[in-house]
Each structure stands twice: as C-alpha cells, then as structure tokens.
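What follows is a short report on a single structure.
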Amino acid sequence: MLAGVSYPFEGLPAAWVVLFTVAFLVVCATLAWTTWLFVLAQRARTTPPDAPPDGVDGFTWVFLVPALNEEVTIRDSVERLVGLALPRPRIIVVDDGSDDRTPEVLAGLSRPGLHVLRREPPDARKGKAAALNHAYRTLGDLPAGEDRDKVIVCVVDADGRLGAEAPRYAAAHFADPRVGGVQSLVRIYNRGRLLTWMQDVEFSVYGFLYQAGRTGWGTAGMGGNGQFNRLSALDAVADHEGPWRDRLTEDQDLGLRLIGRGWLGRQELRGTVDQQGLPGLRKLFRQRTRWSQGNLQAMGLLDIVRRAEVPLRARVEQLAYLLMPLWQTIVGFALVLSIVFAVVGIANFWDGGPWWQLVFFYVLGFGGVVLGCIARGAGHGLRGIVTGYLVAHVYAFYTWLLWPVLIRAAARQLTERRAWAKTEREPVAEGTAP
C-alpha cells in the first residue's frame, strides 16, 4: 500500500468491499465512457452536415400531433407548424378523445394542410403509440407515385414549439439515404424557475453530449418531441398497427428498432423544439418515473441492439447505455450505504490522505456532469465553458435528486403497473425564455 493514502474499504466485511469496489469500477468506466462521447460530440458539433441544394423542397413534410386534453397549448403548437416555410406541409392532429375544449380550439383552426382526426372510445385513450399509429395509417392515401423515401414524418407534442429552421437542418441529414431518424434538440421554454431551468440543462446535456457523441455512429436515439423519421424507415419497422409499439417510452423503442433494421439515427443540434417544463417536484417525479420504467422496458431490446449492423464499439456503447438502470442502482445503493456507514461510524471514508486523492475522487464524482455541462456551453466560447463548469455542481445535485425514481419505476415494472395519469399543462406566456 502507498504511504499516506486513504483506503476507505479497510475493515469492512467482504460483501460490502465487493459492492463498493464494483461501484468504484462502474464510476471509473462511466467517466471514461463519458469522456469518449465528449470528444466525439465536439466533432459532431463543429462539423454538422450542410443542407442539400434543394433544401426542404426535396422532401414532403408530414407533422403528427397527438393531443389529449390539450386546450392550453394546442393552438400555439399547431399555429407554429402552419407558419413553417415549407412546400405544402401536411399537419395531422390526433384528438385522442379529449373531453375539454381541445375539439373547439381545433375547430377554430381552419388552415390549409391541417387535418384533425378524432378518436372516440373505446379506441381512444390507449396511449401515445396508438394515436400515432392511427395517424400513420392515414398516410396510405398520399398522392400516387409519392416516393416514401422522400416523405419525412415529424412528431410534435401538443406543447411543442418546433423551431422554424428545424426542417431545413433535418433535411441536411436526410440527404444521406441511410438516415432513418433525426432528433431535434429539446429545450424548455418556461425555464424561468430553478426546477424548469434544471430540466433545460438536462435536455441540453443529453443532446450536446450523449446524443451528439453517438451521431457519428448513427446510433443517436429518438426522443418523441421534434423527432423526424423517413416514412420508408417507419414502414420497415411497422406491423399491422403501425411503427410505434405500446411502450412507456415509445420514442426510444422506435429509435432502437430502426437502428436494429439498419437505419442510422442522428442528433441535430441547430434545429430545436421547445416544450413545457414541469414546475413542481411531484409532477416531475411522476414523469421521470414513467420514463425510467420505459428504460427498464427497453432492456428487452438488448438482443436487437447486439445484432445491429453498426460498428462494434457503437453496439457495446448502446448495450452499456441500455443497462444504465443497473449501473445507477449499483452506484446509488453504494452511495446511500457509504453515507449511512459514515454517519453511524462504521467506516471513515476520508481520513486526511494526500491532496491528489481528494482531487481524484472529486473528478470521479463530478467529472461526468462537468463534461456534460461544458459540452452544453462549448459553442459559446470560454464564457460558456466556465459557466458550464459552475452549473455542473448544481446540476449534479439535481441528478441525484431524481435517483429515487428508479426504485419506484422498478417496483411498478415488477408489479406490472403501467397506467399513468396525464400531466396537466400550465398556461405559459407567448415567446421563449432567454
């Protein structure tokens, strides 16, 4: 042993030593993995594809907007889509059995290219996937001879504000015929409060680091809101119902199955879609529990990812990412135990060792979130990098605040509970937060 070095596991029972050692190795591997993605993400950010010569005119654009009791936000979302500078866009709003003023609002939106599909019980309210599949099945009546390789289908949530330039930037990726899906960068437009601002940081970190890091391999995932898909790619994974499956994270499920069928997935950082953040912890925990349970369901796609025709390193990375709930459980459990052991005096996890050891554990603890927040701000030069470093320490607390949802999600999955109450929207002033 090195003189003066603190060995925090000394004196603990063998079982606890094994747990803490495994957690330590997971943290080290995760930091190395994040660093690797960070380097790849900077390459993707600085060398985005150029728009094709004919821009958006080379494609037919279809927008699907699932709506269930969305009277607060649906007008804003649809009017922004209608206002896009696109040749003959087709906007399909699926009113999934709303019993508020959503039908009235939609009835007052008579616009060229706007189609409202009303679903009634017992077919209505069977989930977002069912609503999207209903809209997908109507695309069989596209004009005769329409090249489905040239039809781009975009999903926009009822609170979504798709950026005016998002289709043009998406077209830059779809110029490559191998690309089946492009995900826009998600932002939070009501980010004026600490909790909603943290959600904006969260989505930005995910886009600028993890998604951008995977885009060179073509394994960037789909996120639902602001998700563009080539219609022929959707056809390739569709069954008799349609391409989407009844999953709590149907977007993630679709993206992974597209990759499994040989299509490439890309992240677009210049084109954005803004959505509403959740201002209360209770609503946020409920939403993230649903997403976490969806991640557990996605582990059923491990074999599809394993056999995907992408580079080996990309498959390994995707497999490791799908197993993230396992890694989070190990590290989270070890952290909780370490705090308990320190409080009751079973173990002293720091006894004044050398300074570099403290720095080493700081890097392990905060390195990943620092890289994520720096990736988020790197496009703004030195100021963005410094701000990202400072924000990371607040964001780290936020990420651990959400860790307990994993326990609830696992309990729901084990008891086969899948029903979820819809999160209500809040009225938000026009415009986007700075």
Answer yes or no: is there a side-chain heavy-atom contact under 4.5 Å between [X] and [Y]?
X	Y	answer
Leu364	Leu31	yes
Trp403	Val331	no
Asn229	Leu258	yes
Trp217	Val310	no
Arg90	His115	yes
Val237	Leu254	yes
Val205	Glu202	no
Pro48	Leu269	no

Tell me if a side-chain donor or acceptor on [X] pairs with a main-chain N or O of [Y] at a distance below 3.5 Å.
X	Y	answer
Gln267	Gln183	yes
Thr387	Gly384	no
Arg230	Phe174	yes
Arg261	Ala236	yes
Asp200	Ile188	yes
Thr34	Thr30	yes
Gln275	Asp157	no
Asn190	Gly277	yes
Gln199	Leu278	yes
Asn69	Thr102	no

Problem - Aromatic Tyr321 / basic Arg214 pairing, under 6.0 angstrom, 45° off normal - result: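 Yes, Arg214 and Tyr321 form such a contact.
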
Handout entry: Cation-pi check, Arg408 onto Phe285 ring (under 6.0 Å, within 45° of axis)
Key =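 Checked: cation-pi criterion not met.
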
Problem - Aromatic contact, His393 with Tyr389 (centres under 6.0 Å) - result: yes

Exercise: identify the closest heavy-atom pair between [X] and [Y]:
X	Y	answer
Leu162	Ser184	CD1-OG, 4.3 Å
Glu250	Ala129	CB-CB, 4.2 Å
Ala164	Pro167	O-CD, 3.7 Å
Lys126	Asp96	N-OD2, 4.0 Å
Asp50	Ala172	O-CB, 3.3 Å
Gly58	Lys150	O-CD, 3.5 Å

Practice task
On the 0 to 90° scale, with breaks at 30° and 60°, tag the Trp244-Tyr136 ring pair as parallel, tilted or perpendicular.
Solution key: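 Perpendicular.
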
Practice task
Kindly assign one of parallel, tilted or perpendicular to the pair Trp61 and Phe59, based on the angle between their ring planes and the thresholds 30° and 60°.
Solution key: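 Trp61 and Phe59: perpendicular rings.
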
Handout entry: Pair Lys128 + Asp251: basic N to acidic O under 4.0 Å
Key = no

Handout entry: Sidechain N-carboxylate O distance under 4.0 Å for Glu146, Arg148
Key = no

Can you tell me how far [atom2] of [Y] sits from [atom1] of [X], rounded to the nearest 0.5 angstrom?
X	Y	atom1	atom2	value
Gln276	Asp76	CD	CG	10.0 Å
Tyr395	Arg376	OH	CZ	9.5 Å
Thr219	Arg315	OG1	CZ	11.5 Å
Trp291	Asn295	CH2	CG	10.0 Å
Leu109	Glu104	CG	CD	12.0 Å
Arg161	Thr73	CZ	OG1	9.0 Å

If you draw a 6.0 Å radius around [atom1] in [X], do more than 12 non-hydrogen atoms from other residues or ligands fall strictly inside?
X	atom1	value
Glu309	CD	no
Arg178	CZ	no
Tyr362	OH	yes

Problem - Derivation of the side chain to side chain contact (heavy atoms under 4.5 Å, CB included) call for Val27 and Phe361 - result: CA-CA 10 Å; Val27 172; Phe361 284 109; over 6 Å; no

Practice task
Walk me through it: do Arg412 and Gln293 pass the test side-chain hydrogen bond (donor to acceptor under 3.5 Å, both in side chains)?
Solution key: CA-CA 7 Å; Arg412 290 182 61 90; Gln293 188 176 354; 3.2 Å; yes

Problem - Derivation of the side chain to side chain contact (heavy atoms under 4.5 Å, CB included) call for Leu256 and Gln318 - result: CA-CA 9 Å; Leu256 290 171; Gln318 277 288 317; 3.3 Å; yes

